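Below: the structure, in structure tokens.
So that the names make sense, note that chain A is the first sequence line, chain B the second, and so on, each numbered from 1. Since the model is a prediction, treat every value here as computed from it, not as a measurement.
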Number of protein chains: 2
Amino acid sequence: MPPKKKSKVDSSRIPSDDGNLESDSETGNPIEKKSKTANEKKSKRKKALSTDVDNIKVTPTFQNKTSTEFHEQDFSNVSKTPDGKKWNIKVATWNVDGLRAWIKKGGLAYLEHESPDILCLQETKCSESKLPKEVVVPGYHTYWCFSEADGHAGLGLYTKVKPDTVSYGIRIPEFDKEGRLIIAEYNTFYLVNVYVPNSGRKLVTLDKRLKWNPKFQELIKDLDSKKPVIVCGDMNVAHQEIDIANPKSNKRNAGFTQEERDGFSELLKSACLTDCFRHIHPDVKGAFTFWTYLANARKKNIGWRLDYCLLSSKLMANFCDCCIRSEVYGSDHCPVVTFLHL
Amino acid sequence: MPPKKKSKVDSSRIPSDDGNLESDSETGNPIEKKSKTANEKKSKRKKALSTDVDNIKVTPTFQNKTSTEFHEQDFSNVSKTPDGKKWNIKVATWNVDGLRAWIKKGGLAYLEHESPDILCLQETKCSESKLPKEVVVPGYHTYWCFSEADGHAGLGLYTKVKPDTVSYGIRIPEFDKEGRLIIAEYNTFYLVNVYVPNSGRKLVTLDKRLKWNPKFQELIKDLDSKKPVIVCGDMNVAHQEIDIANPKSNKRNAGFTQEERDGFSELLKSACLTDCFRHIHPDVKGAFTFWTYLANARKKNIGWRLDYCLLSSKLMANFCDCCIRSEVYGSDHCPVVTFLHL
DNA sequence: CGTGGAAGG
DNA sequence: CCTTGCACG
């Protein structure tokens, strides 16, 4: 769906009423429902900002900025495929650092405004029973992957076109308890929404991370042998020195160890994936998708590029553009948007 | 200090710079200083509302009400002593349910406006190192009693006249770890600021409470044998049926068990104390000082009278009035103010 | 329902 | 710094 005069959600679509957990895919490893009978709704829910479209220009605040700021941004200046075709599919990814806080800050207004065909969310930190009702957005099918441990990790998927199948997890219980992977199979590709394990302060969970890497690689290769793959998510690594503001001081910090960086290189190489932002912007510095909340890092652009869209080599002919929405607030990460012609 | 045209703090006083913990009283049991080198200041501190006096009419909000509301209240219509003397000492008590949150809601503007000679605070829930700098108020000496367990109980004392001695605790380690008692000795009386242990959900700590009661009683009797006593604080009990909105349904709930009510009766009797609010308003119903935050209880005045000023019998000749400031927001309790001629 | 602290990032 | 569950009331 290329941009219209007013990029509104196609309202002819039947509103999604699923939030469906069940996987009908053979790769899926459904997370167990722990239905806490829903009535344990918490106080702050009712304080969530309305996402009434009539109000989105004034009410929701994106941290210290108002949402009007992304209305003023130019979201339309987008490149074309190598053979000159305009984009018709937009895929966005955003680590929201807490779905409920993100909604209160107006996150859903971003969804309305960007109107991607697919939006991958990471770190929803929200169990099924605590999902605010506002997460159901007309025009989108929604899928959720929950961590067993409440308030950690977790993924969301918004998609205008209903996938043929949706499955959850990487088939390793240790990881699949944590809500780190959604695979959505579409007609012509797989979409993988991923939240890669963080190596932790003082690298206490680096081992776990290094166990994840080959498994994930294998999974992607397996999928790619059937259909091309789009991987979106928080890879929890800044790949090269250009992808981080302070490479020197972070060499032994989670997200920039040699092990993690090598693991990412390996993934790209062995699964034939392309980091599509870096592909079109090989030399752009200061392009980050995450800034710690501490010490005003975002204002100073002391950041990390941790969020990626990776494309199977077969999809590079369809690739138009990839943009980092660094002006969009609402989390310590910002959205990354990829444009394809399919 | 009787009411002036504008009851401002006496600015001729040297500003207090103490926040002194040391007790020079022989009854005192100083809580150990656990000086966490102060630099672990937390984020929210800087967000605290300014208490700039020029702004108190507009900026601080008391929950859903603004502080202007207490400016409009009539705080001056006060009774006299039995022999017709006007008050010259005002003693206030307020369970603030978290000093830092209370400050953000404009609590210090109340202090400025009420301008009591003595203000007793309970449930400050704030360790020494986390005390916001704004707690120092010109014209007042301040004293703090901290719980060893961070974020629980804790007391504060604001006093225009510096007490001769200030001591902390009831001389029982179990209780004195928790920041539940300050004794300030003045020339002609003792002021006791107290936060009585709560019996807990399902009365899990009723035993502890029943252990406290006789010890406290003994302490007051001991003090009273030297000088008359003013006891201010959260007694964590609604004394009679008239002191609670729903007596029937709360008979086995913390704060209205027969044991707690009897304990309070006992205290009044054996230590010869008078519940001075009830003394002048023997039949007034719906006079509460606490409302649970749940279910809009305060709006519906479904409350409890838990906060008291108790006076030694010798002081009843000096007693003028006692008011419940139920219109003052900022906590789930409201202030109680007592007027004396001394 | 609202305050605090703890763990995770 | 910020969001989450949790303990306490």
Side-chain angles (χ1 to χ4, degrees), chain A residues 36 40-47 63-64 95-105 122-127 129-130 147 149-154 178 195-202 204-205 234 236 253-255 290-299 302 304 306 329-333, chain B residues 40-47 63-64 95-105 122-127 130 147 149-154 178 195-205 234 236 253-255 290-299 304 306 329-333:
Chain A
K36 291 186 178 177
E40 47 159 303
K41 59 158 194 186
K42 274 295 287 291
S43 56
K44 292 170 189 174
R45 173 143 4 146
K46 64 168 63 164
K47 288 189 196 154
Q63 204 156 305
N64 42 13
N95 178 320
V96 295
D97 188 31
L99 180 78
R100 285 162 290 175
W102 173 79
I103 285 176
K104 283 176 204 157
K105 290 179 234 169
Q122 300 87 38
E123 283 208 89
T124 50
K125 295 181 172 179
C126 189
S127 62
S129 62
K130 290 174 184 166
S147 173
D150 235 34
H152 286 110
E178 299 187 327
Y195 175 53
V196 171
N198 188 298
S199 299
R201 297 240 177 115
K202 306 185 72 180
V204 284
T205 47
D234 178 353
N236 254 323
N253 285 339
F290 162 83
W291 306 261
T292 170
Y293 279 124
L294 284 80
N296 261 307
R298 190 159 184 174
K299 196 179 286 176
I302 312 276
W304 307 52
L306 303 179
Y329 283 68
S331 164
D332 48 0
H333 296 244
Chain B
E40 48 158 306
K41 60 161 194 184
K42 274 294 288 293
S43 55
K44 292 170 188 175
R45 177 154 349 157
K46 64 168 63 164
K47 289 187 195 158
Q63 205 155 303
N64 43 12
N95 178 320
V96 294
D97 188 32
L99 180 78
R100 285 162 291 174
W102 173 80
I103 286 176
K104 284 176 202 157
K105 290 179 242 172
Q122 301 87 37
E123 282 208 271
T124 50
K125 294 181 173 181
C126 188
S127 62
K130 291 173 182 166
S147 173
D150 235 34
H152 286 111
E178 299 186 327
Y195 175 52
V196 171
N198 188 299
S199 299
R201 295 241 177 114
K202 307 184 71 180
L203 306 176
V204 285
T205 47
D234 178 352
N236 254 320
N253 285 340
F290 162 83
W291 306 261
T292 170
Y293 280 123
L294 283 81
N296 261 307
R298 190 159 184 175
K299 197 180 286 177
W304 307 51
L306 303 179
Y329 283 69
S331 163
D332 49 0
H333 296 244

Tell me, please, which residues at least two apart from Leu203(B) pass side-chain contact (heavy atoms from CB on, under 4.5 Å).
Ser199(B), Leu206(B), Arg252(B), Ala254(B), Thr257(B)
Roughly, in whole Å, what's the span from CH2 in Trp102(A) to C1' in dT4(D)?
17 Å
Contact nearer the 5' end of DNA chain D, comparing Ala295(A) with Gly98(A):
Ala295(A)
Measure from the side chain of Lys125(B), starting at C-beta and using heavy atoms only, and say which of dT3(C), dC1(C), dT4(D) lies closest.
dT3(C)
Donor-acceptor side-chain pairing of Asn95(B) and Glu123(B) below 3.5 angstrom
yes
Just checking, Arg298(B) and Phe290(B): is the charged tip under 6.0 Å from the six-membered ring centre and within 45° of the axis?
no
Whole angstrom is fine here: how far is it from CG in Asn296(A) over to C1' in dC2(D)?
13 Å
Can you tell me the distance, in whole Å, between the OH atom of Tyr329(A) and the C1' atom of dC2(D)?
15 Å
Salt-bridge present (Asp150(A), Lys130(A); N to O < 4.0 Å):
yes
Would you mind reading off the distance between Glu178(A) atom CD and dT4(D) atom P, rounded to a whole angstrom?
18 Å
Expressed in angstrom and rounded to an integer, what is the separation of Asn198(B) atom CG from dG4(C) atom P?
18 Å
Could you tell me which residues satisfy side-chain contact (heavy atoms from CB on, under 4.5 Å) with Ala297(A), sequence neighbours excluded, listed by chain and number?
Trp291(A), Thr292(A), Ile302(A)
Proximity to the side chain of Tyr293(A) - top-ranked nucleotide from dT4(D), dC2(D), dG2(C)
dC2(D)
If you compare every side-chain N and O of Lys105(A) against the phosphate oxygens of dT3(D) (OP1, OP2), does one of them come in below 4.0 Å?
yes
Listed nucleotide nearest any side-chain atom of Ala101(A), set dG4(C), dT4(D), dG9(D):
dT4(D)
In this structure, how many angstroms lie between the P atom of dC2(D) and the CH2 atom of Trp291(A), rounded?
15 Å
Considering only side-chain heavy atoms of His152(A), which listed nucleotide, dC2(D), dG8(C), dG4(C), is closest?
dG8(C)
Rounded to whole angstroms, how far apart are CZ on Arg201(B) and C1' on dA7(D)?
9 Å
In whole angstrom, give the distance that lies between atom CG of Asn95(A) and atom P of dT3(D).
13 Å
